[in-house]
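To keep things clear, I will list the structure first and then write my remarks on it.
Predicted, not measured: the structure shown is a model, and the values here were computed from it.
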Amino acid sequence: MNVRILNDVRVALAQTPRVIEGLVAAAPNESLTWHEADGAWNIVQVLCHIADGEHTDWMPRIERILSGGGRFIPFDREAGLTRYRGWTAEALVGEFGQLRRANLEKLATLNLSAPHLPLLGEHPEFGPVTLEQLLATWATHDMAHVAQIARILTRSFGRHVGPWTKYFSLLSGGQTQEGQTHA
């Protein structure tokens, strides 16, 4: 990752709260708590998870790497479900946005540059990881959860499309009839 990519990660991280806010604002309440499969998180649970990560995952790990490395505290992927139990989707979106802005401000004060990117920390499962990999993972994690939220909304609405199901790969589990989404 070069300095240009470092900037791209920052831009992506800054956009995620707005993208999620737009998706959630347009969602019917029923879709926010709908489960696409047994054991799958609903949108509110995804929001609990990403807000919690802003507290306990990304910045603490960056700070650990910059302070000389060492083992990361394991991230409890489900801790946010407890921390934010009872919160509404709207409140979670606001919390996530505030926490992300604060983390981006901290990130800016670190003045990261190319020499920082190969610095190491120790992931509890993967072993040595670089700051570059951690930053790329943060942005990728955001995109994966944006896609997850969009997929849940698509499938929630899609339960009602009837015969058009065959034209939506997210509803039919594979390719559409012509390999594209049609309406």
Side-chain angles (χ1 to χ4, degrees), residues 1 8-25 27 29-67 69-107 110 117 119-156 170 173:
M1 181 183 296
D8 291 346
V9 166
R10 285 186 188 120
V11 170
L13 294 174
Q15 292 304 317
T16 303
R18 289 186 208 116
V19 172
I20 289 174
E21 180 179 12
L23 288 169
V24 170
N29 283 337
E30 173 190 317
S31 294
L32 298 172
T33 57
W34 181 76
H35 294 269
E36 61 183 319
D38 288 339
W41 284 351
N42 62 38
I43 292 171
V44 169
Q45 291 169 313
V46 171
L47 296 172
C48 291
H49 166 75
I50 62 174
D52 188 59
E54 294 298 305
H55 282 288
T56 60
D57 194 10
W58 308 110
M59 284 308 297
R61 289 178 174 191
I62 290 168
E63 291 166 346
R64 172 69 52 111
I65 288 172
L66 295 175
S67 68
R71 187 171 167 84
F72 299 156
I73 294 171
F75 177 61
D76 181 348
R77 296 175 56 239
E78 296 186 353
L81 305 181
T82 301
R83 178 187 290 241
Y84 293 110
R85 181 177 285 127
W87 284 49
T88 66
E90 182 181 355
L92 287 162
V93 168
E95 172 83 347
F96 174 65
Q98 280 186 296
L99 294 169
R100 176 55 60 85
R101 281 187 295 281
N103 279 339
L104 288 172
E105 287 172 15
K106 279 186 200 174
L107 196 61
L110 297 175
L117 298 177
L119 296 176
L120 295 172
E122 185 177 337
H123 189 277
E125 180 181 353
F126 307 127
V129 295
T130 66
L131 178 60
E132 175 182 1
Q133 291 167 331
L134 179 62
L135 291 169
T137 301
W138 192 3
T140 301
H141 182 263
D142 275 13
M143 298 304 168
H145 285 302
V146 166
Q148 180 183 22
I149 291 168
R151 184 188 71 232
I152 293 168
L153 289 172
T154 300
R155 290 179 176 169
S156 178
L170 282 174

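More than 12 non-hydrogen atoms from other residues, nucleotides or ligands lie less than 6.0 angstrom from CD of Glu122. Heavy-atom contacts from other residues, nucleotides or ligands closer than 6.0 Å to CD1 of Ile73 number 12 or fewer. Other residues, nucleotides and ligands contribute more than 12 heavy atoms inside 6.0 Å of the CZ atom of Arg151. Counting non-hydrogen atoms of other residues, nucleotides and ligands closer than 6.0 Å to CD of Gln45 gives a total above 12.
Gln98 and Arg101 are not linked by any side-chain donor-acceptor pair at a separation below 3.5 angstrom, with hydrogens and angles left out of the test.
Closest approach of His123 to Glu125, counting heavy atoms only: ND1-N, 2.9 Å. The minimum heavy-atom distance between Met59 and Leu107, with the atom names listed, is CE-N, 4.2 Å. Among all heavy-atom pairs drawn from Leu153 and Ala27, the shortest one is CD2-CB, 3.4 Å. Taking every heavy atom of both residues into account, Ile43 and Ser31 meet most closely at CD1-O, 3.7 Å. Here the closest non-hydrogen pair linking Pro128 and Leu120 is CB-CD2, 4.4 Å. The two residues Ala12 and Asp142 have their closest heavy-atom pair at O-OD2, 4.5 Å.
In this structure, the side chains of Trp41 and Ile152 stay at 4.5 Å or more apart for every pair of heavy atoms. Proximity of Lys106 to Glu63: side-chain heavy atoms (C-beta onward) are separated by under 4.5 Å at one or more points. In this structure, Phe75 and Thr56 have side chains that are in contact, with non-hydrogen atoms separated by less than 4.5 Å. In this structure, the side chains of Val9 and Trp138 stay at 4.5 Å or more apart for every pair of heavy atoms. Proximity of Leu66 to Leu110: side-chain heavy atoms (C-beta onward) are separated by under 4.5 Å at one or more points.
Atoms SG and CG, from Cys48 and Asn42 in turn, are 8.0 Å apart once rounded to the nearest 0.5 Å. In this structure, CD1 in Ile62 is found 5.0 Å from CG in Leu135, a value given to the nearest 0.5 Å. Annotation: the span from Thr16 atom OG1 to Glu21 atom CD amounts to 12.5 Å, rounded to 0.5 Å. We find the OH-CG distance between Tyr84 and Asp52 to be 6.0 Å, quoted to the nearest 0.5 Å. Between the CD atom of Gln133 and the OG1 atom of Thr140 there is a distance of 11.5 Å, given to the nearest 0.5 Å. Once rounded to the nearest 0.5 Å, the distance linking CG of Leu99 with CG of Leu92 reads 10.5 Å.
Taking Phe72 as the reference, nothing meets the ring pair (Phe, Tyr, Trp, His ring centres under 6.0 Å) condition, with sequence neighbours excluded.
Taking 4.0 Å as the cut-off between side-chain N and carboxylate O, Asp57 and Arg77 do not count as a salt-bridged pair.
Looking at His141, Glu78, Arg83 one by one, the single match for side-chain contact (heavy atoms from CB on, under 4.5 Å) with His49 turns out to be His141.
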Could you walk me through whether Arg155 and Trp34 pass the side-chain contact (heavy atoms from CB on, under 4.5 Å) check?
-> CA-CA 9 Å; Arg155 290 179 176 169; Trp34 181 76; 3.7 Å; yes
Kindly determine whether Leu81 and Arg85 satisfy side-chain contact (heavy atoms from CB on, under 4.5 Å), including the steps that lead there.
-> CA-CA 6 Å; Leu81 305 181; Arg85 181 177 285 127; 5.9 Å; no
Check the pair Ile20 / Val46 against side-chain contact (heavy atoms from CB on, under 4.5 Å), numbers first and verdict last.
-> CA-CA 11 Å; Ile20 289 174; Val46 171; over 6 Å; no
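The backbone N or O of Leu13 lies less than 3.5 Å from a partner atom in the side chain of Arg100, making a donor-acceptor pair.
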